[in-house]
There are 2 protein chains.
Amino acid sequence: MSQSEQATTIREIAALAGVSGGTVSRVMNEKPGVGPETRARIKALIAEHDFHGDATARQLSRGRSDSLGIVFPLQVSEVVMHPVYPELLGAISDAAQDAGYDVILFTTNASRGVEHVLDSVKRKRVDGLILPAASSDDPLIAQVESTGTPTVLIGHRQRARRITWVDCTHDEALYAMTTSLLLAGRRALTLFNGPKRISAYDLRAQGFWRAIREFGDPAVRANEKVFDMGFVGGVEATETLLREVPATDAIVCSADITAAGVLDALARSGFAVPGDIAVTGFDDIDFASHSTPTLSTVRMPLHETGATAVSLLLEMLGGGLTTPEPRILETTLVERESTGSVTP
Amino acid sequence: MSQSEQATTIREIAALAGVSGGTVSRVMNEKPGVGPETRARIKALIAEHDFHGDATARQLSRGRSDSLGIVFPLQVSEVVMHPVYPELLGAISDAAQDAGYDVILFTTNASRGVEHVLDSVKRKRVDGLILPAASSDDPLIAQVESTGTPTVLIGHRQRARRITWVDCTHDEALYAMTTSLLLAGRRALTLFNGPKRISAYDLRAQGFWRAIREFGDPAVRANEKVFDMGFVGGVEATETLLREVPATDAIVCSADITAAGVLDALARSGFAVPGDIAVTGFDDIDFASHSTPTLSTVRMPLHETGATAVSLLLEMLGGGLTTPEPRILETTLVERESTGSVTP
DNA sequence: CCGATTTACTAAACCGGTTGCGTAATCATG
DNA sequence: CATGATTACGCAACCGGTTTAGTAAATCGG
C-alpha cells in the first residue's frame with residue numbers, strides 16, 4: 001500500500017516480480033497468457049509503485065498516437081468570436097477523452113498557417129483530424145485528404161470530396177422560421193446573411209427562399225442582404241433597410257449577434273418588436289434569452305455534433321468505416337418574444 | 001521535385017543517400033558533423049520524399065513529449081460559460097505552438113475527474129501543465145505538485161505552495177473603478193460579487209473595500225452581495241437591492257454578464273443609468289460595448305496572460321527557472337456610458 | 001502411461017529516431 | 001614528412017513497451 005518511489009520502466013517491475021517484461025505488459029493490457037497468481041503479484045507491484053507505463057513507448061510500438069487533432073482558426077473574423085466554438089470544443093474533448101483519446105489542439109493564425117497541422121499529421125502525432133467550419137475554399141481540406149488521414153469535417157458539407165462530415169439542418173431551420181413568420185402574417189421579409197462561401201450561411205439562405213417560394217403568396221416581398229455577421233453590421237444594415245424598405249415587417253438574421261444589432265437599431269428608431277417588425281436570430285447565444293424582447297432563434301445541436309464527429313472518426317480509425325458517411329443533425333427552433341410567439 | 005511516395009523511416013532515406021541513419025538524423029536536426037555536400041544530398045532526398053520523421057520515436061529517444069497539457073473544467077457553473085476562456089485558450093495555444101510545443105487539451109466533467117490528467121502526466125504524455133482558474137481548494141493542484149511536473153497556474157494566486165502562477169490586478173482594477181465612482185459623487189455603492197473561494201472575486205472585493213476605506217468619507221455607504229455571477233442573479237439581486245437600499249446610486253459588478261442583468265432590471269424599474277444609478281462590470285465581453293448604455297468595465301490582459309504562462313512554463317522546462325516566479329499583469333479600466341464617463 | 005495439446009512464461013526482435021564512441025580520412029603545424 | 005588535431009561519418013546501443021516465436025511444464029485423452 002505504501003506508495004514507494006515510482007518505478008520507471010516495465011522491466012523494473014518485471015525484475016521485482018521475478019518475471020520478464022512481456023509478462024508485465026500482458027498484465028497491464030489485461031491480456032491472457034498469465035497465471036492468476038502471477039497476475040495478482042504483478043498487479044500489486046504496479047499499484048505499490050504507482051506505475052503507469054510510458055505513453056510514448058507504447059505509442060511507438062503500437063504505431064498509433066491514441067490522440068486526435070482538432071484544428072481551430074484564430075483571428076479569422078467570420079469564425080473567431082463565434083460563440084458556438086467553446087461548446088463544440090468541449091463536446092469533442094469530452095467524447096474523445098471518454099474514448100481514451102487525447103485531444104491535440106491546433107490553432108492557425110496570420111503567421112502560422114496549416115503547415116504545422118500537416119506536419120504533425122505526417123509525423124503521426126495524431127491518428128485523425130477534426131476540422132470545424134472550414135469554408136469551401138479551405139486548402140487544408142485537400143491537403144489533409146491527400147495525406148490519407150482519417151478526417152471529419154464539421155459544419156461544412158463537402159460533397160465533392162470523399163470526406164466524412166457532420167452538419168445540422170441550417171436550411172430546415174430557416175425554412176421553418178420563415179414559414180412561421182409568413183403564417184403569422186408577415187409579408188415584407190429581409191434576410192440578413194453572411195457570405196455564401198460559408199456553407200452554413202448558404203444553407204440558411206436556401207431555407208429562407210424555399211419558404212418564401214413554397215408559401216406562394218405573390219403579396220410577399222422578400223430580399224436578402226449579405227454582409228459580415230456582427231453587431232455593428234446589424235445596426236448599419238437595419239438603418240439602411242428602414243430607409244430603403246420602410247414597409248419591412250420581419251428581419252431574419254443568420255446570427256444572434258447581428259440580431260442584437262438589429263434590435264438595438266430598431267429600438268433607437270422607435271420601432272416596436274414584434275409589434276412593427278419581427279426579428280429572428282441564429283445560434284441561441286446567452287443574449288437571445290436575455291434581450292428585450294427575448295429573441296426567437298435557432299439552437300444547433302453542438303454537443304451532439306461534437307460527439308458525432310468523434311464517434312465517426314473513431315469508427316474510421318477502427319477500420320469499421322471505409323466510405324464517407326455524412327451526418328445531418330436536427331436544429332431546434334426557439335420561439336420567443338421577438339416574433340410574438342411568446343408574450344412578455 | 002517530384003513528390004514520390006513518401007518514405008517511412010530515417011533509415012530508408014539513409015539507404016537512398018548511401019549513409020547511415022545517424023547522419024540523416026543529424027541533418028534533420030541541423031546538427032554539425034555532416035559534410036556540406038552530404039548534407040545537401042540528404043536534404044534533397046528528404047524534400048523529394050516529403051519525409052518528416054516520426055514524432056513518437058523522436059519523443060521516446062529524447063525523453064520528452066514536446067507537448068504541454070492545459071486543463072479546463074467543463075460544467076462547473078462558476079467557470080464554464082465564462083467568456084474569457086476561449087481567448088485565453090487561444091493565446092496559450094498560439095504561444096505554445098510558436099515555441100514548437102503541442103497543446104493537449106484536458107477537460108474534466110462530472111464523470112471524468114482529474115485522474116485522467118494525472119495519469120497522462122505520469123505516462124509522460126505532457127512535459128508540463130497549465131491550469132487555469134483552479135480555485136483554492138482544488139485537489140488537482142496538490143496532486144500535480146506531488147508529481148513534480150512543471151506547472152503554471154492561471155488566475156489563482158497559490159501563495160502557500162511552491163507553484164508558479166500568473167494573475168492580473170483584479171484588486172487594483174476595482175480599486176480604481178470604485179474610486180472613480182466616488183470621485184464622481186456616488187455615495188451609496190453596492191458590490192455584486194461571486195464566491196470568495198474564487199481568487200479573482202476575493203481580490204475584486206478587496207479592491208472595492210480598500211477604495212471605500214481610503215476615500216475616507218463617512219457619508220459613503222457601501223455593501224456587498226455575494227451570489228453566483230450570472231444574468232439572472234444580477235436581475236434578482238438588483239430587484240432586492242432597490243427594495244432594501246432605495247438610495248443606491250452605484251452598482252459595481254464582478255462580471256459583465258451580471259451587470260447585463262442589472263441594466264435589464266434597472267430599465268424595467270424605470271431607473272436611468274447612469275443618471276440615477278451607475279453600473280460597472282468586469283471582463284469586457286462583447287455585450288459591454290453594445291449595451292444601452294454601454295458598460296464601463298475592466299479588461300483583463302488575456303492574451304498576455306496566456307503567453308506569459310507558456311513562457312514561464314517553457315523556462316521551467318528549460319531548467320532556467322527553479323524557484324516559483326509569480327507574475328501579476330495589468331488590467332485596463334474601460335470607462336463607458338454606464339458610469340457617465342462617456343456621453344452617448 | 002505415452003503422445004498431443006494447452007498453458008505460462010522467456011528471450012529477443014521489433015517500433016524509429018538519437019547519440020556516444022570509434023575510426024578513417026583530411027588538414028594544420030613544425 | 002611525421003605528428004597531432006579536426007572532421008565526417010558508421011556502428012550500435014540506447015529510449016520503454018509490444019509482440020512473436022519458442023520452450024518447458026502442466027493437462028488431457030485414450
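Reminder, nothing fancy here: chain letters follow the sequence lines and each chain counts from 1.
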| side chain to side chain contact (heavy atoms under 4.5 Å, CB included) between A/I42 and A/R39, worked out | CA-CA 5 Å; A/I42 293 174; A/R39 189 178 291 270; 6.0 Å; no
| query | When you look at A/E115 and A/K122, which way does the salt bridge (charged side-chain N to carboxylate O under 4.0 Å, His left out) test go after all the steps? | reply | CA-CA 10 Å; A/E115 296 75 24; A/K122 288 171 184 162; over 6 Å; no
| message | Is there a side-chain contact between A/N29 and the phosphate of D/dT18, meaning an N or O under 4.0 Å from OP1 or OP2? | response | yes
| message | What is the separation between atom CD on B/E37 and atom P on C/dA25, rounded to the nearest whole Å? | response | 16 Å
| task | Taking the six-membered ring for Trp and the full ring for Phe, Tyr or His, determine whether the centres of B/F72 and B/F106 are under 6.0 Å apart. | result | no
| Rounded to whole angstroms, how far apart are CD on B/Q59 and P on D/dG16? | 14 Å
| Rounded to whole angstroms, how far apart are CD1 on A/I10 and C1' on C/dA11? | 15 Å
| field | Spacing between A/H52 atom NE2 and D/dG17 atom C1', to the nearest angstrom | value | 16 Å
| query | Do any side-chain nitrogens or oxygens of A/S20 fall under 4.0 Å of OP1 or OP2 in C/dT10? | reply | yes
| Just checking B/G33: base, sugar-phosphate only, or nothing, at a heavy-atom cut-off of under 4.0 Å? | base
| task | Kindly determine whether A/L129 and A/V117 satisfy side chain to side chain contact (heavy atoms under 4.5 Å, CB included), including the steps that lead there. | result | CA-CA 9 Å; A/L129 230 38; A/V117 178; 4.1 Å; yes
| field | A/I42 CD1 - C/dA8 C1' separation (whole Å) | value | 11 Å
| said: Distance check needed: D/dC15 P versus B/R125 CZ, whole Å only. | reply: 21 Å
| task | Would you tell me if any nitrogen or oxygen in the side chain of A/K31 comes within less than 4.0 Å of OP1 or OP2 on D/dT19? | result | yes
| Among C/dT18, C/dC9, D/dG16, which is the nearest nucleotide to the side chain of B/K124? | D/dG16
| request: Scan B/G53 against the nucleic acid and name what it touches under 4.0 Å (heavy atoms): base, sugar-phosphate only, or nothing. | output: sugar-phosphate
| field | N or O in side chain of B/R26 less than 4.0 angstrom from C/dT18 OP1/OP2 | value | no
| query | On a plain distance test, is the side chain of B/R62 in donor-acceptor contact with the base of C/dG17 below 3.5 Å? | reply | no
| request: Could you tell me whether B/D94 and A/R112 make a salt bridge, using a distance below 4.0 angstrom between a side-chain N and a carboxylate O? | output: yes
| task | Report which part of the nucleic acid A/V24 touches: base, sugar-phosphate, or nothing (heavy-atom distance under 4.0 Å, all strands). | result | nothing
| query | Starting at the 5' end of DNA chain D and moving along, which residue's nearest nucleotide shows up first, B/R11 or B/G35? | reply | B/G35
| task | Measure from CD on B/E12 to P on C/dC15 and round the result to the nearest Å. | result | 10 Å
| said: Please confirm whether the shortest side-chain N or O distance from B/S25 to OP1 or OP2 of C/dT18 is below 4.0 Å. | reply: yes
| message | Mind checking if A/G63 touches a base, just sugar-phosphate, or nothing, with heavy atoms under 4.0 Å? | response | nothing
| said: Output the rounded distance in Å from CG (B/D127) to P (D/dC15). | reply: 18 Å
| task | Would you classify A/T38 as touching base, sugar-phosphate or nothing, given that sugar-phosphate means primed atoms plus P, OP1 and OP2, and contacts are heavy atoms under 4.0 Å? | result | sugar-phosphate
| query | OP1 or OP2 of C/dT18 sitting under 4.0 Å from any side-chain N/O of B/R58? | reply | yes
| request: Give a yes/no answer on whether the side chain of A/T23 brings an N or O atom under 4.0 Å of OP1 or OP2 in C/dA8. | output: no
| query | Is A/E325 salt-bridged to A/R327, cutoff N-O under 4.0 Å? | reply | yes
